[in-house]
Amino acid sequence: MFLINCPYCGERDQQEFKAGGEAHIERPKQPTELSDDEWAEYLFMRKNIKGIQFERWNHAHGCRKWFNMVRDTSNDEIKAIYKMGEKPPTQ
Amino acid sequence: MTKNLRVKSSEYIDETNRISFKFNGKTYHGFKGDTLASALLANDVHLVGRSFKYHRPRGIMTSGSEEPNAIVQVNPGTNRTEPNVRATEVEIYEGLEASSQNCWPSVEFDIGGINNFLSPFFPAGFYYKTFMWPASFWEKYEFFIRHSAGLGKSPTTSDPDIYDHRNVHCDVLVVGAGISGIMAAKNAAKNNFKTLLIEEKNELGGSTIYENNQFNKIDNKTPSEWLKKEIEELKNIQNLEIKTRTSVAAYHQYNYLLARENLTDHLEAKNKTNKIRQRLLKIRAKKVILATGALERPLIFNNNDRPGIMLSSAVKKYSEFYGVACGSKNVFFTNNDSAYESALSLYNKGINVQAIIDIREQSESKIVKKVKEAGIKIYWSHTIVDTSGYKRLNSLSIMKLSNDGTSVTGSKISISCDCLGVAGGWTPAVHLYTQSGSKLKFDEEKQIFLPNQNTSEQISVGSCGGDFKIDEIIKNLNHKLKDNLNIKETDLDNIKVEIDQENSKRNIWLLPSDKPLGKTKPFVDYQNDATAKDIKLALREGFRSIEHVKRYTTTGMGTDQGKLGNMHALGIIADTAGVKMGELGTTTFRPPYTPLTFGAIVGRNVGKFFDIFRRTPMNNWHVENKAEFENVGQWKRAWYYPINGETMHQAVQRESKAARESAGILDASTLGKIDIQGSDASEFLNRVYTNAWSKLAIGKCRYGLMLNEDGMVYDDGVTTRLGENHYIMTTTTGGAANVLGKLEDYLQTEWPELDVYLTSVTDHYATASLCGPNSKKILKKIIPDLDLSDESFPHMSFKEAKIGNVQCRIMRISFTGEHSYEINVQASYGKDLWEKCIEAGQEFKITPYGTETMHLLRAEKGFIIVGQDTDGTMTPIDLQMDWIVSKKKYDFIGKRSLYRSDTMREDRKQLVGLLTDDPNIVLEEGAQIVSELNQNPVEMLGHVTSSYFSPNLNKSIALAVVRGGKDMMGKKLFVPMENKNINVTIASPVFYDEKNERLNA
Ligand SMILES: [Zn+2]
């Protein structure tokens, strides 16, 4: 059970949060101009890395804010947490 | 022949407090302070159970939670009965009853014992190999297995006890209250760390508390005396909480631990009632100090499982702590000095020790000399090759061990004995450590796994960290505490330790016998009857991974998780495969460390607290008027209102007719409501709904369909424009929370530039939906001054009004196809509003209707219910709702997906109406639809999604999804059922009032 440091509320138990999948997948600005393959890439393809992964999390039972997390999926170590719109930290 | 084996009054046993208890129906006596195991041993009862596979007689092996054999059913036949309880952990109380498990008809005469003599036919993987073929025989095998196996019986009546959960936060959590744990907790608390010390036993002090060995001194006192003084001082320390009878079951990442606190298990039945039996502590600790100690290893030799064969440390604890001699003729078998301590302890209490068999060539430590001086015979370089005594050990045969330890030589010596203490060295209890995700390394010299890489703020101290001698323990504990807690001084700085302990040890994982391995039974996992032979067989058959060997042989898979034998299993695999232990890895220890009750896991979340439920403000009216309820999400919704013993069908037919003929009223309070405000609210709606919103005038309502980005229908509902920058959106009852979550997601992550604020107001409003040709007249009676003319208040529009002093929002919208109004008031006025409507509707015979009638009425109109007629694979086009998809809008959620090759296929399943040729047959929802009856296998074209008997049309109607259904109007198809085929015809999904004339009736 993670202890997650919500950037708005502070450290809270994982059960207050909802995972939202891979981060930094931007919704295309002009979807109609994409081919089926390009749209499918956005819609379906996710990396599911073993190791350092950038993820979206939502403090669903708290402030309801979305934020980003860098997590090592091999040992569940949370490397960084940053707000939506902020640049991911560089290693 | 009941013998009294009490040896000397022990300070931990209250001999003035005699307690009677029953075991297997027979009454025995023990004293306050006894465990079931110590009390049985005092009565010379060793045989307490049968093993799982061979039903071999088994006795008490240990004195703690690692016990594999002495597992009993406590209080059988009562509502408090509990299976698989370790006799070594049960504190006895007046009236306690316990019985053996896994034996029939009795532990003394067990029919399953025949398996023992058939054991050549029960090798590893026997169940896999035999019972899987031929498949059709499985039922017969299953019958046999189910009747001869099984560990204990679960209670058959509901649990009378209360269980509790508690969240605990602390700076330092110390697990285990032996010498290391006590000193760690004491120093942490003294340095202002909020400290919690947890101990699974009732008493503090671990094994040091009864350590009276004259060779070891701490500050010139015996370790026992010294530690008692330290424990005494704990009482005066602030910041320290101590929980005994509390077992840490799980250690998760981020220092999150679950511990089970036992509060009443040791009390008499009359004192158990109305108290919390167990409490699950959910602990979040900043730092964790593991002081879980070490478990003594057995030795693996032929017939090493007989009642009377115990761990040497347990024999010592029973004598020193409980004042019980485990036998009158005791022998020890060892590979290190520990057994000598036990032997000396017994000797000092006047208990007979026949001999010590040591596989080492020699040892010159003081304690060995002392044992020699006591005249106890020591057999160096010897091993036990066999034991005898079916229900109780009565003799051993020993032989000289060859130099390489793989065979025996010379002649056999027979030693008569009734108790054998086995000492195979010590295994650090690293179970919790590895559960936390931390990694072990193998120490080749000590032949143990030790903590290596910590993944959270934690340290392992004392013997679980690999320190076994008191001087090492104290020295390393001091370093680790200073380092980890960042403190400069501790109570340990000036402690003087004198010690004479030697760590010399000869490690042989599997001891040889004069018989070939195939003819011996060297048990590795006692509970599951896995022998060294089984492990070797698994390797011969090609299993390599330790995890596979474990499953194939069931080693370590009992309720004790193989706490005693896992290391030997690894060792035997390594030796056989010719690899090093360290390269083999170790099996994963998983929670719980000791079993948890279901009660502790669920806590208070039982009965009506199992899940929360929500009730509308009108709920009491529904109850008073005898409504039946159905669960919709977490809501309890009125389903139908039977009168005069009506069936559901009769009630729904009556309600449905009344709603169309005069007036009906529905409690619609559960619909999700989201208040949307902000200067970009219109643009936001444009992006989330498929249709256009910019031109919706203030005071108007519009139906909207929301898709997922994959183009599939997600939710629907009516949204009303309350002001220039203010909307109120309704969602489906079940979808409310998810829709809000999804909209927030887009707002926060994709469109942060939009000025929009979302607020859930579902609970803030109560909604009564008035419908039917007389609804207007009823509303007029309630709000006489409101202009209800079609010009002023047309369909799909909104008005604010007042009922008395109560502000309300009225939407003229319809989910039934009838002229209807949805009246929203502040939730607290909901019941009042409802009663006013009923009163005003009296003269029109207003009929309250529930969700079932609502479903029927909307089906007559062909309106979909998201989640019933859709299933996450339906686009608006599939639903034949092309009209709601804006062609002009550049983008909305899911738009691009509607033009994917797959979503544009003509042969997708599409929503259609379905009429049965016989109008009286009502189809079953979920029934399959086919076009051919004589094909095998037949192609499924689709299925029925909604089906009712319409009282207004006097025929059966249904909605269905059918492949290519859109172009099949009038086509004859079949719905094959178990006993008949139903002829159906595809029709328009709108069955009633196709021109929508009734909306303005
Ligand atoms: Zn938060």
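These figures come from a predicted structure and were not determined experimentally. Here is how names work: the chains are called A, B, and so on, in the same order as the sequence lines, proteins then strands, and each is numbered from 1.
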Peer 1: Please flag which part of A:Asp76 lies under 4.5 Å from any non-hydrogen atom of chain B: side chain, backbone, both or neither.
Peer 2: both
Peer 1: Is B:Asn167 in contact with chain A via its backbone, its side chain, both, or neither, using a 4.5 Å heavy-atom distance?
Peer 2: neither
Peer 1: Which heavy atom of B:Ser694 sits nearest to which heavy atom of B:Asn686, and what is that distance?
Peer 2: OG-ND2, 2.6 Å
Peer 1: Mind running salt bridge (Lys or Arg N to Asp or Glu O under 4.0 Å) on A:Glu22 and A:Lys47 for me, showing each step along the way?
Peer 2: CA-CA 8 Å; A:Glu22 196 177 329; A:Lys47 290 196 202 78; 2.9 Å; yes
Peer 1: At a 4.5 Å cut-off on heavy atoms, which part of B:Tyr746 comes close to chain A: side chain, backbone, both, or neither?
Peer 2: side chain
Peer 1: Can you tell me which portion of B:Ser897 sits under 4.5 Å from chain A's heavy atoms? Options are side chain, backbone, both or neither.
Peer 2: both
Peer 1: Could you tell me which portion of B:Ser901 (side chain, backbone, both or neither) has an atom closer than 4.5 angstrom to a non-hydrogen atom of chain A?
Peer 2: both
Peer 1: Using heavy-atom distances under 4.5 Å, tell me whether A:Gln30 contacts chain B through its side chain, its backbone, both, or neither.
Peer 2: both
Peer 1: Do the side chains of A:Asp13 and B:Lys282 get close enough for a salt bridge, i.e. N-O under 4.0 angstrom?
Peer 2: no
Peer 1: Determine the sole option in B:Leu450, B:Leu290, B:Leu440 for which the side-chain contact (heavy atoms from CB on, under 4.5 Å) test with B:Val430 is passed.
Peer 2: B:Leu440
Peer 1: Which region of B:Asp710, side chain (C-beta onward) or backbone (N, CA, C, O), has a non-hydrogen atom less than 4.5 Å from a non-hydrogen atom of chain A, or is it both or neither?
Peer 2: both
Peer 1: Go through B:Glu744, B:Arg900, B:His252 and name the one with the most non-hydrogen pairs under 4.5 angstrom from chain A.
Peer 2: B:Arg900
Peer 1: Is B:Phe892 close to chain A through its backbone or its side chain, or both, or neither, when contacts mean heavy atoms under 4.5 Å?
Peer 2: backbone
Peer 1: Tell me, side chain or backbone of A:Trp39 under 4.5 Å from chain B's heavy atoms, or both, or neither?
Peer 2: side chain
Peer 1: For A:Leu43, is it the side chain, the backbone, both, or neither that has a heavy atom closer than 4.5 Å to a heavy atom of chain B?
Peer 2: side chain
Peer 1: Output the option from A:Met84, A:Glu26, A:Arg27 having the highest count of non-hydrogen pairs under 4.5 Å with chain B.
Peer 2: A:Arg27
Peer 1: Is it true that B:Asp171 and B:Lys194 make a salt bridge, defined as a side-chain N closer than 4.0 Å to a carboxylate O?
Peer 2: no
Peer 1: Could you verify whether a donor N or O on one side chain and an acceptor N or O on the other, from B:Ser456 and B:Gln253, lie under 3.5 Å apart?
Peer 2: no
Peer 1: Would you mind checking which part of A:Lys18 comes under 4.5 Å of any heavy atom in chain B, side chain (CB onward), backbone (N, CA, C, O), both or neither?
Peer 2: neither
Peer 1: B:Trp751 ring centre to B:Arg687 NZ or CZ under 6.0 Å, with the angle to the axis within 45°?
Peer 2: yes
Peer 1: Count the heavy-atom pairs under 4.5 Å between each of A:Ser35, A:Ala40, A:Pro28 and chain B, then report the option with the highest count.
Peer 2: A:Ser35
Peer 1: If you take all heavy atoms of A:Phe67 and A:Tyr82, which pair is closest and at what distance?
Peer 2: CB-O, 3.6 Å
Peer 1: Contact part of A:Ile4 toward chain B, heavy-atom cut-off under 4.5 Å: side chain, backbone, both or neither?
Peer 2: neither
Peer 1: Could you tell me whether B:Asp902 and B:Arg908 have a side-chain N and a carboxylate O separated by less than 4.0 Å?
Peer 2: yes
